[in-house]
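Step one of this worksheet: look at the structure below.
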Number of protein chains: 2
Amino acid sequence: MSTIKEISRKAGVSPTTVANVVYGRTTKVSPAIREKVQAILEAEKYTPNMGAMMLLRNNSKIIGVIMFTEPRHNETVLEDPFSSAILGAMEREIRSNGYYMMLYISSDEEEVVRLSKAWKMDGLVLVWVPGTICRIINSSIDVPLVYIDCFFNDEDHVYHNIGLEDRKGGYEVTKHLLSMGHTNIVFLPCNPIFPGGDSERFSGCKDAFAEQGMVLSDTARVPLPYDRTKREKIYMQLAGKDAGYTALVFSSDYYASEALTYLQEHGFRIPQDISITGFDDNIFSRLVTPRLTTVHQDSSKKGLLAIQMLMRLIQGQDVEPARVTLPIYLQIRDSVRKL
Amino acid sequence: MSTIKEISRKAGVSPTTVANVVYGRTTKVSPAIREKVQAILEAEKYTPNMGAMMLLRNNSKIIGVIMFTEPRHNETVLEDPFSSAILGAMEREIRSNGYYMMLYISSDEEEVVRLSKAWKMDGLVLVWVPGTICRIINSSIDVPLVYIDCFFNDEDHVYHNIGLEDRKGGYEVTKHLLSMGHTNIVFLPCNPIFPGGDSERFSGCKDAFAEQGMVLSDTARVPLPYDRTKREKIYMQLAGKDAGYTALVFSSDYYASEALTYLQEHGFRIPQDISITGFDDNIFSRLVTPRLTTVHQDSSKKGLLAIQMLMRLIQGQDVEPARVTLPIYLQIRDSVRKL
DNA sequence: CTGTTAGCGCGTTCAA
DNA sequence: TTGAACGCGCTAACAG
């Protein structure tokens, strides 16, 4: 409510003097006046008008956080602890750096560009953006951008990304399955929310087969639909004897847990009848019985690193390397049976 | 980047004319010029500068979403699907109304007031704010406020709140436990994140006892600490024979699932050795084995209704009633044993 | 040490 | 139908 002008009137000094006090330019204001203005400032709870700041400085201290998702999927995307952990970590780090967080969940790149300009954003974090759209965004927005879990199909730009050893994740879990005697496995990605990462993970699965002189066919990749009842049909089908698979390899603990519970309710014993593996190592993997063998990743660290990298970029510091790949490790629990 | 002034220069017309085109005042601009300006507008991807708008209109179309939480708890608050469901629903509804969402997770009311003023917010949604702080916030902020799951200890203001039949929830679950023969129960709230609601729920538990001419003592209320290992000690202690309890009544599925899994890993059979109930009926309750008997609530609806109510308030419409109480129902599953 | 002023982008009012 | 001028809150450059 109270503006610099009002404060200056109440204190009987000029706006500049008030601004000097606010900005801590103690050398330019006599101590007596400083005290007096300070008191009024606090009494009136003076707060700068960010609109005026935006106009003046042509920036806003706003960090845009964009979750790129299919429109229909909006409701559930945040329910995966993976997203929430990233989000929580980012909010905290943004705030502690004195910035503000604007959250936008969508898959409309035009809108993202518009948003960043309208609000004079200082930087953006983009999660799960398809490669073709990364290119568009990178050439339309001229403030620092950091991506999380994105894959780029051009080298026209320097992309800053916080990623994961996805391929290694697929490799490790498959290698483990092979060592337990599973040669008939099927990979179930959460298509199409995370296309790049899922492809990498599947490539990792193939690597493990190749290492043993075997081949994992492309037919062993069954994307899961958004509709829950359709997914459940797929679980039943793939777990059934006719399909001939001995292990279901999921790309998230969320769906792995869902499948595990659903199959148990429909007469399957895990892992005796069918083995299941997850990906993420979040709370779901520890809650189900048997606990999931899964691939560990630290998702809140992704959010933290993304903001830290963004802050460095905003301050004009060099960031090396531009692409960070966080490590994974295999977390063996009880959902895989030795054949 | 491009301003009205630039566009007007490129089109060879005045800024006013461009503004008229943008604002759709077709009567004031000749069709030929309208076409021409429109084309340039689109080519340049003109976007209004929100800073200038804020200065001009003294508002910003920003809705502040404040999650009131203990500082240390920040990392985990979003991991409970309850928070994420609310958040996701709000983001979607805010956006579809043409507003912007600023997310702030903290428990510093001064900062909230400052934030709302600095950004000329059009309204705020506040989640889990203690009653004493609601009073401070309501008298310091003069834009519409909608609370979620808050309890107020004064009637100086009209508070708008989206709440839940918390007391009924406690009552229903306890009545069920009593009907199953459980008279030695203990209530475990997630102190202190949600003080008001947990008290209500505990009162509901007492109601059910009173109805049977019995008394539930205040000692049967054990708040859970934030530290996980400390919680686990409490689980073991309360589930042990010495404590004499036959059922653990949790105030969230999150902790109920944690306890259920932990106790199972340490030799307890659920529900044979000890019964467990949850609250929320979210995905956790369906994932654990046995599945949790719990109290159902629709948390994404809370977010949706909060924003819808806020929008009505912003548009100056009357909102009746000011406090909405969403219904609960008992969801009986397999975590309670008949004694 | 303190006061005055220009200008950031926008929409509106008034004059041409 | 169009243009010029104003003011929203703020800061920095300049004047006193």
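Note that the structure is predicted; figures quoted are calculated from it, not measured. Sequence lines set the chain letters: A, B, ... in the order given, protein chains first and strands last, and positions in each chain run from 1.
For the atom pair CG (A:L103) and CE (B:M101), the distance works out to 5.0 Å, reported to the nearest 0.5 Å. In this structure, NZ in A:K301 is found 8.0 Å from CG in A:L304, a value given to the nearest 0.5 Å.
Cation-pi contact between B:K61 and B:Y100: absent, since separation from the ring centre below 6.0 Å together with deviation from the ring axis within 45° is not met.
One interatomic measurement links the two molecules: CG of B:N20 to P of D:dT1, which rounds to 11 Å at whole-angstrom precision. One can place CD1 of A:I7 at 13 Å from C1' of D:dC10, the figure rounded to the nearest angstrom. Here C:dT2 presents its P atom at 21 Å from NZ of A:K5, a figure rounded to the nearest Å. Note: CE (B:M53) to C1' (C:dG11) measures 8 Å, nearest angstrom. Following rounding to the nearest Å, B:Y23 (OH) and C:dC10 (P) show an atom-to-atom distance of 15 Å. For the pair B:R9 CZ and C:dG9 P, the interatomic distance rounds to 12 Å; values are reported in whole Å. The NZ-C1' distance, from B:K120 to C:dC10, rounds to 17 Å in whole Å. Atom P of nucleotide D:dT2 and atom CD1 of B:I4 are separated by 15 Å, given to the nearest angstrom.
The residue A:P48 sits close only to the backbone: its heavy atoms come under 4.0 Å of sugar-phosphate atoms, none of a base. Counting any heavy atom pair closer than 4.0 Å across all strands shown, A:L56 reaches a base atom.
Of the listed nucleotides (D:dG3, D:dA12, D:dC10), D:dA12 has the atom at the smallest distance from the side chain of A:T16. Checking D:dC10, D:dT2, D:dC8 against the side-chain heavy atoms of B:L55 singles out D:dC8 as nearest.
Checking the phosphate oxygens (OP1, OP2) of C:dC10, a side-chain nitrogen or oxygen of B:Y46 falls inside 4.0 Å. A sub-4.0 Å separation between OP1 or OP2 of C:dC1 and a side-chain N or O of A:T17 is absent. Considering only side-chain N and O atoms, A:R57 lies under 4.0 angstrom from the phosphate OP1 or OP2 of D:dA12. Residue B:S14 places at least one side-chain N or O under 4.0 Å from the OP1 or OP2 atom of D:dG3.
The pair B:E6-B:K45 fails the salt-bridge criterion, with no side-chain N (NZ, NE, NH1 or NH2) lying under 4.0 Å from an Asp/Glu carboxylate O.
The aromatic rings of A:Y159 and A:F152 lie parallel to each other, with less than 30° between the two planes, well short of the 60° mark.
Judged by closest nucleotide on DNA chain D, B:I33 is the one of B:I33 and A:A52 placed further toward the 5' end.
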